[in-house]
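Report on the following structure.
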Amino acid sequence: MLPTKASRRRFLRQSTTAATGLLLAPGLVACGARSAPATDPAPASPPPSADDRKLGVALLGLGGYAKGQIAPALQLTQHCELRGLITGSPDKLPEWQDRYGVADENCYTYDRMEDIADNDAIDIIYVITPTATHRDFAVRAAAAGKHVWCEKPMAMTPAQCQEIIDACTEQGVQLAIGYRMLHEPNTRQLIQLTKDRTYGALTSARSYAGYAGSPPPADYWRGQRDMGGGALYDMGVYTVNGLRYGTQLSPAAVVRATQQRQDRPNGVDLTTTYTLRYPDGMLAEGKTSVVEKYNELHIEAENGWYEMQPMQPYQGVKGKTSDGKVLGPPVPNQQSLQMDDDALAIRNGTQPIAPGSMGKADIAVIRAIIESAETGKEVQIAS
Ligand code: NDP
């Protein structure tokens, strides 16, 4: 377990007890006092095995993404290990424990998850639940002294995002958002083209992500507006974040937006379109849907263009440029790269690639898009 403020407090408590215990144990003191002959160097403690160095991850929420993508991806990481499970459905545990060899003492239900504070096998809690629940679970995870990984979209409002950031800062734990594209090598090459202004100053951008599914049902959280369902939160956050990494700019305003909503109480948006304006006047178009299929991030610049198409599937992300370059290479698993990058940021004490501030900035854009669609007016984006 890597030190966090909470674990350091526990460590100090435990070390004090341990030191007191040593003083009361003469045999141990005598043993420790023996000095080794100069020709017989004390054996160096064995280097920790690769497994010892891995950070223990507890998944919170054992739904579709955790089961289908994150747990399998954890098996491919170099720096992480799936060691814990936190769920509201304890009937799921036997299957998960059998498949991944998770010990009973590392399994928790939501109502007992505070107990994880005393479990040094767990370094990180990865929140993979409906969006409207992220704030509460992430704050509780931080309060338990664990580093927090939180799925996209970070939360429902910028204020909720700030609560998560504050809880993590208070506890001295890291916070990373599950923006897997930022760890994907094709996408990272596109980002570098923008950072280097390889094709000159940017002139416009478009970012489209949608799938041709059925409208989500009313009794599932993805079909409920107040749970974070709908195209804009679910898929649109990829387009908003895509424009952020594709341009390396923060938008100043939503010029206009439209939302096609389900015609029922609490019904979600099925398709949303929006136009962003940047401080230098550049415009970008965004479109997202759960009933229409498209998937591209396209950047126009003075001397050419470059794009990812498709921009965000789990596999097969492809990029190309106006002068015929192909971006790459493809990777077998984005999520394992994401978790290894985020684990190294914890180990090295560096900023994660997708910090909470980025998650919050994207939610500010999403809220401004909703406001613009509702009012029919241009909306400034709070920084
Ligand atoms: P699911 O509906 O498949 O699973 C969500 C799980 O959350 C449930 O199975 C349940 O697990 C837990 N949960 C906790 N509280 C609630 C609640 N109030 N209502 C319903 N479920 C609850 O969703 P996904 O796994 O597809 O999505 C979860 C999160 O992951 C979302 O934020 C989503 O945006 C994100 N996601 C990210 C993807 C990416 O590519 N980065 C892809 C897909 C999803 P349990 O029974 O164990 O308590």
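Indexing begins at 1, ligand by ligand and atom by atom, following the structure's order. Numbering starts at 1 and runs along the sequence shown. Just so it is clear, the model here is predicted, and its values are computed rather than measured.
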I'd like to know if the side chain of Glu285 pairs up with that of Thr275 as donor and acceptor (distance under 3.5 Å, no hydrogens or angles considered). yes
Check: every ligand 1 N/O to protein N/O pair under 3.5 Å:
residue  : atom   : partner : partner atom : Å
ligand 1 : 2 (O)  : Tyr220  : OH           : 2.7
ligand 1 : 2 (O)  : Trp221  : NE1          : 2.8
ligand 1 : 3 (O)  : Gly64   : N            : 2.7
ligand 1 : 9 (O)  : Lys92   : NZ           : 3.1
ligand 1 : 11 (O) : Leu62   : N            : 3.3
ligand 1 : 25 (O) : Gly64   : N            : 3.4
ligand 1 : 25 (O) : Tyr65   : N            : 2.9
ligand 1 : 26 (O) : Arg222  : NH1          : 3.1
ligand 1 : 26 (O) : Arg222  : NH2          : 3.0
ligand 1 : 32 (O) : Thr129  : O            : 3.0
ligand 1 : 32 (O) : His134  : NE2          : 3.0
ligand 1 : 32 (O) : Lys152  : O            : 3.3
ligand 1 : 34 (O) : Lys152  : O            : 2.9
ligand 1 : 34 (O) : Lys152  : NZ           : 3.1
ligand 1 : 40 (O) : Tyr65   : OH           : 3.3
ligand 1 : 40 (O) : Arg180  : NE           : 2.6
ligand 1 : 40 (O) : Arg180  : NH2          : 3.3
ligand 1 : 40 (O) : Tyr238  : OH           : 2.7
ligand 1 : 41 (N) : Tyr65   : OH           : 3.2
ligand 1 : 41 (N) : Glu151  : OE1          : 2.9
ligand 1 : 41 (N) : Tyr238  : OH           : 3.4
ligand 1 : 46 (O) : Ser89   : OG           : 2.5
ligand 1 : 46 (O) : Lys92   : NZ           : 2.5
ligand 1 : 47 (O) : Leu62   : N            : 2.8
ligand 1 : 47 (O) : Thr87   : OG1          : 2.6
ligand 1 : 48 (O) : Gly88   : N            : 2.8
ligand 1 : 48 (O) : Tyr110  : OH           : 2.5

Side-chain heavy-atom pair Lys318, Leu327 within 4.5 angstrom cut-off: no
For residues 309-317, please give each side-chain donor-acceptor pair under 3.5 Å, one per line with the distance, not counting sequence neighbours.
residue : atom : partner : partner atom : Å
Gln309  : NE2  : Glu307  : OE2          : 3.2
Gln312  : OE1  : Asn295  : ND2          : 2.7
Gln315  : NE2  : Pro332  : O            : 3.0

So that I can tick it off, tell me whether Lys146 and Asp123 are bridged by a salt bridge, with the cut-off set at under 4.0 angstrom between side-chain N and carboxylate O. no
Would you check if the distance from the ring center of Tyr110 to the ring center of Phe137 is below 6.0 Å? yes
Which one of Val268, Val290, Leu270 satisfies the side chain to side chain contact (heavy atoms under 4.5 Å, CB included) criterion with Pro215? Leu270
